Amino acid sequence: MYWEKEIETMDRGSLEKLQMARLGETLARVKNSVHYGKRFAELGLDTAKIRTLADLERLPLTTKEDLREQWPYGFLTCSRDEIIRMHSSSGTTGRATVIFHTANDIAAWTNLLARSMFMAGMRRSDVFQNMMTYGLFTGGLGFHYGAEEIGALVIPAGAGNSKRQIQLMQDFETTAIHIIPSYALHLSTVFTETGIDPRRDTKLKIAFLGAEPHSENMRRKIEDFYGFKGFNSYGLSEMNGPGMAFECPEQRGMHVWEDNYIIEVIDPLTLRPVPEGEEGELIATTLLREGMPILRYRTKDLTRIIPGPCPCGRTHRRIERITGRTDDMMILKGVNIFPIQIEKRLMEIPGVGVNFLIILERENYNDQMTVKVEVQRDFFGGDLQQLEILRRRIVEELKSDILITPRVDLVEQDSLPKSEGKAVRVIDNRKD
Ligand code: ADP
Ligand code: ZN
């Protein structure tokens, strides 16, 4: 059942002791980096005074801007000779940041992915097709190494080329995949067009869904189509990448591997911790990283800690599905809106296809939101009246959630731009 039973089910007291011991080692290391050496001196910080988790607040937060400022090597705590791998973020919100790993770092990260995939039910008898971009992006090699560690047969398919993906699945009897959720939906239309039914014609049973925000409704839609169980996988390159937090078979929140990370949830404005169970920005500290440890990193991702134990027996705390990143928040007529709210509603409405795009404009000093929504190909057989009923329903449903009235344009399936990587959901044409 467990990849590492002792660690995964360790009682909270021992787990916190382990965290403090590893934090101590991390603090001793980070002083050697240009960045933290300077920060600690500026703050006059005496790391010996950090003795309990409650003292964590005295440590400085680290931001993406800090990483950019120290580009490329200013966070290293060892010589460059010891570094064996570099990765980078996807650059979704600006210039990408780079992260460096020693051999031990890669081994620890690989273990976390093996632990995560094993938890979701993957075994050495499985055939694992990794449909993520390889290269600098962490989703490719990260999962690849983890799956090999379990001993599964790995097909390093990479992203895109939908027909070939389906062919590989059929020829090699793929049982597990790693896929970006928006791409899984796109691929479903290719399955339908080619007359192949994944439930009938493939052996798929497990999918790791990650790298971008997606709602529970979207997960269900994907699971229903493919007939597999989809597990939410969360991570960011600054914290290695995937393997940081992962769903267990209960599918109720993602366990954060707390032997490797300390997490906090703070109010992004006051920067103070929120009460446990409340939503805020996730902050994470690496505990085992040698080459480039990072303290209290501001992930900009919004989530909450799910209080209470998980029925699976693992003691590592769970976080809720990410509701968005602070950067994604749209402010329209003073209302804060996240793309995922719109996605969640759309995915509930029959007839809505697999892709949508939000366009923001400013007309006569007024913010205007247009949502372009793809409609399922065969749903209406071209009945204009039915389409208008659907359009109005979407306007009403969105309005009841986001409190402003969007324009809704229905468009044909496959007409909106699609991405092999993370989906682009918002185009902001407002100029200040
Ligand atoms: P970038 O920040 O440039 O996109 P990364 O490739 O490191 O670079 O992506 C990490 C980010 O992707 C996370 O901070 C988060 O916003 C998003 N992300 C990753 N996995 C998930 C997930 N399962 N659910 C929601 N968002 C996710
Ligand atoms: Zn669990």
Side-chain angles (χ1 to χ4, degrees), residues 1-3 8-9 63-65 67-68 86-99 109 113 115-116 118-121 132-143 159 178-182 184 207-216 218-219 222 230-258 263 281-284 294 297-303 306 308-329 338-340 343-344 419 421-425:
M1 270 260 288
Y2 304 102
W3 180 251
E8 290 173 53
T9 61
T63 63
K64 217 176 186 81
E65 290 66 42
L67 291 171
R68 287 183 183 137
M86 150 180 163
H87 275 289
S88 100
S89 65
S90 324
T92 310
T93 57
R95 184 174 175 188
T97 46
V98 277
I99 302 294
W109 180 27
L113 272 157
R115 191 196 283 175
S116 302
F118 193 87
M119 171 168 76
M132 288 277 169
T133 312
Y134 275 70
L136 286 170
F137 176 61
T138 54
L141 286 174
F143 265 86
H178 177 210
I179 189 165
I180 293 190
S182 55
F208 308 115
L209 303 171
E212 68 182 10
H214 55 293
S215 59
E216 185 64 35
M218 181 149 166
R219 186 236 298 261
I222 295 170
F231 295 87
N232 197 358
S233 152
Y234 168 79
L236 59 161
S237 52
E238 292 84 353
M239 292 291 122
N240 292 346
M244 179 186 173
F246 220 90
E247 260 181 348
C248 68
E250 301 292 327
Q251 291 184 302
R252 183 69 198 83
M254 297 175 280
H255 290 282
V256 178
W257 296 126
E258 292 182 280
I263 53 163
E281 179 180 343
L282 184 69
I283 304 295
I294 298 183
Y297 187 66
R298 293 194 62 177
T299 66
K300 299 195 174 174
D301 291 322
L302 298 170
T303 185
I306 300 175
C310 182
C312 79
R314 290 178 184 81
T315 49
H316 300 236
R317 286 179 301 172
R318 288 165 299 161
I319 52 169
E320 191 69 77
R321 183 176 285 287
I322 308 292
T323 48
R325 32 170 123 194
T326 49
D327 298 336
D328 280 349
M329 192 173 76
F338 285 98
I340 202 155
E343 180 203 287
K344 197 169 152 191
S419 150
K422 302 180 189 229
V424 177
R425 296 298 192 201

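Everything numeric in this text was worked out from a predicted model, so none of it was measured. Every number for a ligand or one of its atoms is a count from 1 in the order of the listing.
- If you look at His255 and ask which of its N, O or S atoms sits nearest the Zn ion (ligand 2), the answer is NE2.
- The protein non-hydrogen atom at the shortest distance from atom 7 (O) of ligand 1 is Ser237 N, 2.8 Å.
- Residue contacts with ligand 1, taken as heavy atom pairs separated by less than 4.0 Å, involve Leu236 via backbone and side-chain atoms alike.
- Scanning all protein heavy atoms for the shortest distance to atom 1 (P) of ligand 1 gives Thr92 OG1, 3.4 Å.
- Nearest non-hydrogen protein atom to atom 3 (O) of ligand 1 is Gly91 N, 2.7 Å.
- Only the side chain of Asn232 comes within contact range of ligand 1, with a heavy atom under 4.0 Å; no backbone atom does.
- Proximity annotation for atom 10 (C) of ligand 1: of Gly235, Ala96, Pro181, Gly235 comes nearest, heavy atoms only.
- Ranked by closest heavy atom to atom 27 (C) of ligand 1, the top entry among Lys64, Glu212, His87 is Glu212.
- Atoms of ligand 1 found under 4.0 Å from any heavy atom of Ile322 (numbered from 1 in listed order, with element): 24 (N), 25 (C).
- Contact between Arg219 and Gly230 at its shortest, heavy atoms only, is NH1-O, 2.7 Å.
- At least one side-chain heavy atom of Ile322 sits under 4.5 Å from a side-chain heavy atom of Tyr234.
- A heavy-atom separation below 4.0 Å is not found between Arg321 and ligand 1.
- Residues Cys248 and Cys310 form a side-chain contact, since some pair of their non-hydrogen atoms from C-beta on lies under 4.5 Å apart.
- Considering only heavy atoms from C-beta on, Arg318 comes within 4.5 Å of His255 through its side chain.
- In this comparison of Gly139, Ala211, Ser89, Ser88, the heavy atom closest to atom 21 (C) of ligand 1 sits on Ala211.
- Here the side chains of Ile179 and Ile222 are not in contact, with every heavy-atom distance at 4.5 Å or above.
- Protein heavy atom nearest atom 13 (C) of ligand 1, with residue, atom name and distance: Asp301 OD2, 3.2 Å.
- Residue His214 places no N or O, backbone or side chain, under 3.5 Å from any N or O of ligand 1.
- Taking the side chain as every heavy atom from C-beta outward, Met119 and Phe246 approach each other to under 4.5 Å.
- For the side chain to side chain contact (heavy atoms under 4.5 Å, CB included) with Arg298, the lone residue among Leu282, Thr326, Ile283 that qualifies is Ile283.
- Only one option out of Leu236, Thr97, Thr299 pairs with Lys64 in a side chain to side chain contact (heavy atoms under 4.5 Å, CB included); it is Thr97.
- Side-chain contact between Phe118 and Glu8: absent, with no pair of heavy atoms (C-beta onward) separated by less than 4.5 Å.
- Listed by number with element, the atoms of ligand 1 under 4.0 Å from a non-hydrogen atom of Phe137 are 6 (O).
- Taking distance alone, with nitrogen or oxygen atoms compared against 3.5 Å, Lys422 approaches ligand 1 more closely than that limit.
- Looking at Glu343, its side chain does come within 3.5 Å of a backbone N or O of Ser215 through a donor-acceptor pair.
- The Zn ion (ligand 2) forms the vertex of an angle spanning SG of Cys248 and SG of Cys312; to the nearest 10 degrees it equals 120°.
- Protein heavy atom at the shortest distance from atom 8 (O) of ligand 1 is Ser90 N, 3.1 Å.
- Nearest residue to atom 23 (N) of ligand 1 from Ser233, Ser215, Gly210, Ala284 is Ser233 (criterion: closest heavy atom).
- Not a single heavy atom of Met254 sits closer than 4.0 Å to an atom of ligand 1.
- Closest to atom 2 (O) of ligand 1 among all protein heavy atoms lies Arg325 NH1, 3.1 Å.
- Across every non-hydrogen atom of Arg321 and Thr303, the tightest pair is O-OG1, 4.2 Å.
- Pro242 is not listed as a side-chain neighbour of Met132, based on a closest heavy-atom distance of 4.5 Å or more.
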